[in-house]
2 protein chains.
Amino acid sequence: MRHENKKRQSGCPVAFGLDTFGDRWSLLIIRDVMLKGKKTYSEFMNAKEAIASNILIDRLKHLETEGILEKSRDPENRRSFIYALTKKGRDLTPIILEIITWSGLHDQRPFAMRGLVEEIGKDREEFEALLRSE
Amino acid sequence: MRHENKKRQSGCPVAFGLDTFGDRWSLLIIRDVMLKGKKTYSEFMNAKEAIASNILIDRLKHLETEGILEKSRDPENRRSFIYALTKKGRDLTPIILEIITWSGLHDQRPFAMRGLVEEIGKDREEFEALLRSE
DNA sequence: CTAACATCTTGCGTTTTGCAAGTCGATTCT
DNA sequence: AGAATCGACTTGCAAAACGCAAGATGTTAG
C-alpha cells in the first residue's frame, strides 16, 4: 500500500509513531474525527485541505489496520460507514494538543485560527478530558 | 523546494504544524539534535534510519528557513557546520515527548526501545526542563 | 426499477523520494 | 607546495507516492 508498511524498524519510539501516523494526511484525518466530530468518508472529503479520494481511502484503511480507527455501519444511514477512534487513537490526543499549542505560539499568519488554541490554553486538562470521554 | 512551500493555508494549527515539520524525516532530524545531541550533517547521515543525502540537505534547509534550526560554523572544525535548535525548535520538545509516550504505550514489538520511554515517564517535568535548558 | 447517494477503484500524468556517483572547498599529510 | 582526506553538498536517474478525473459498486428512497 505505502511506506508505512516497510517500517523503519529502528526501535526508536519517535520513528514508530511517525511510521504509524506521521504522514501528510493521517493526522489531519485524526484531527477531523477528534476535534471536528467527523465520522464518514464524505465528511472527510469535505475538509478544507481537499484530500484526493484515493489517498483518503488509503489512509482510512491504513489507520484502521494500525488500530487507530475502527469502521462500522452507521445505524442511522445504512449506506454510510462510521469511522471512530479506538483507545489507541484517542491516546493521540496529547500529541494533537501539543501541535496546536506549538502553532499557537509560532503561527504568525494573519488568518491563523487562534480560537481553538485559546480554548485549549484556558483549561487543557478539562479540554483533554472532554475529548477522551467520548 | 518541496511540498511545505505550498502551505495548505487552511489556518488550522494542526495543518500548520504538519506543513512545518510533519514529513517523513524532519521530526527524526529534530529528535537527533534534541535527544541524541547530533549537530552536523555527517552525524545525521549516520542515523539508523538511513536518510538519503539529498533528502537530508533538503530537510536541513527547510528546517532552517522555517526557523527551527540554525546553522553556524563549527569553531572546533572549520570544515563542519553545526545545526542547532532555535527557541521555536526547542518548543517542539513536548510534541516529541508525547510521541515517545504514545509509542511506549502502543509499540508491542519485541525490540522497542523502552529505556527512553521509562526515563521520560519517571519525571517528565525534569526531563523536559533538562532538554530545554541547553 | 430507477435515481440519487455514499463509498470506493482505476488510469494516468506529475511530484517526491531513494540510491549511486560525483563535485567542491577546507584541512591534514608528506 | 602537492596529494590525499574529510565533510558538506549536488546531480542524474529509476522507483514510489501523490493528485486529479472519471468510473464502478453497493445501498436506500421514491
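Order of the sequence lines fixes the chain letters, A, B, ..., with proteins taken first and strands second; residue numbering starts at 1 for each chain. In this text the structure is predicted, and so the values were computed from the model without any measurement.
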N/O (side chain, B:Y83) to phosphate O (OP1/OP2, D:dC9) under 4.0 Å: yes
Can you tell me the distance, in whole Å, between the CD1 atom of A:I82 and the C1' atom of C:dT7? 14 Å
Could you tell me the separation between the CD1 atom of B:I55 and the P atom of D:dC9, rounded to a whole number of Å? 15 Å
Expected output is a numbered-order residue list: members of residues 36-44 of chain B with a heavy atom under 4.0 Å from any atom of DNA chain C. What is it? none
Basic-acidic side-chain contact under 4.0 Å: A:R124, A:E98: yes
Of the options D:dA8, D:dG19, D:dT10, whose atoms approach the side-chain atoms of B:K61 most closely? D:dT10
Could you tell me how far apart B:N77 (CG) and D:dC6 (C1') are, to the nearest whole angstrom? 8 Å
Examine C:dG25: is either OP1 or OP2 under 4.0 Å from a nitrogen or oxygen in the side chain of B:R78? Give yes or no. no
Distance below 4.0 Å between A:W25 side-chain N/O and D:dC18 OP1 or OP2: no
So, OP1 or OP2 of C:dA20: does either fall under 4.0 Å of a side-chain N or O from B:S53? no
5' priority, DNA chain D, between A:I51 and B:N54 [closest heavy atom]: B:N54
Separation of atom NZ in B:K71 from atom C1' in D:dG7, rounded to whole Å: 11 Å
Quiz item: cation-pi between B:K71 and B:F81, 6.0 Å / 45°: yes
Can you see which heavy atom on B:C12 is nearest to which on A:R31, and at what distance? SG-NH1, 3.0 Å
Between C:dT7 atom P and A:M45 atom CE, what is the distance in whole Å? 10 Å
Give a yes/no on whether any side-chain N or O of B:R24 is located under 4.0 angstrom from OP1 or OP2 of C:dG18. yes
May I have the distance from A:L56 (atom CG) to D:dC20 (atom P), rounded to whole angstrom? 14 Å
Taking OP1 and OP2 of C:dG25, is either one under 4.0 Å from a side-chain nitrogen or oxygen of B:R79? no
Closest non-hydrogen atom pair between B:D91 and B:P94, with its separation: O-CD, 3.2 Å
Indicate whether OP1 or OP2 belonging to D:dC18 is found under 4.0 Å from a side-chain N or O atom of A:R59. yes
Using the salt bridge (charged side-chain N to carboxylate O under 4.0 Å, His left out) rule, take B:D74 and B:R78 through it: C-alpha gap first, then chi angles, then the decisive distance, then the call. CA-CA 6 Å; B:D74 184 344; B:R78 282 197 39 86; over 6 Å; no
Determine, stepwise, if the pair A:E49 / B:S10 fulfils side chain to side chain donor-acceptor pair (under 3.5 Å). CA-CA 7 Å; A:E49 286 91 0; B:S10 65; 2.8 Å; yes
Between C:dT7 (P) and A:D74 (CG): distance, integer Å: 9 Å
Rounded to the nearest angstrom, tell me the gap between atom CD1 in A:I57 and atom P in D:dA17. 18 Å
Between the side chains of B:E66 and B:R59, is the shortest nitrogen-to-carboxylate-oxygen separation below 4.0 Å, so that they form an ion pair? no
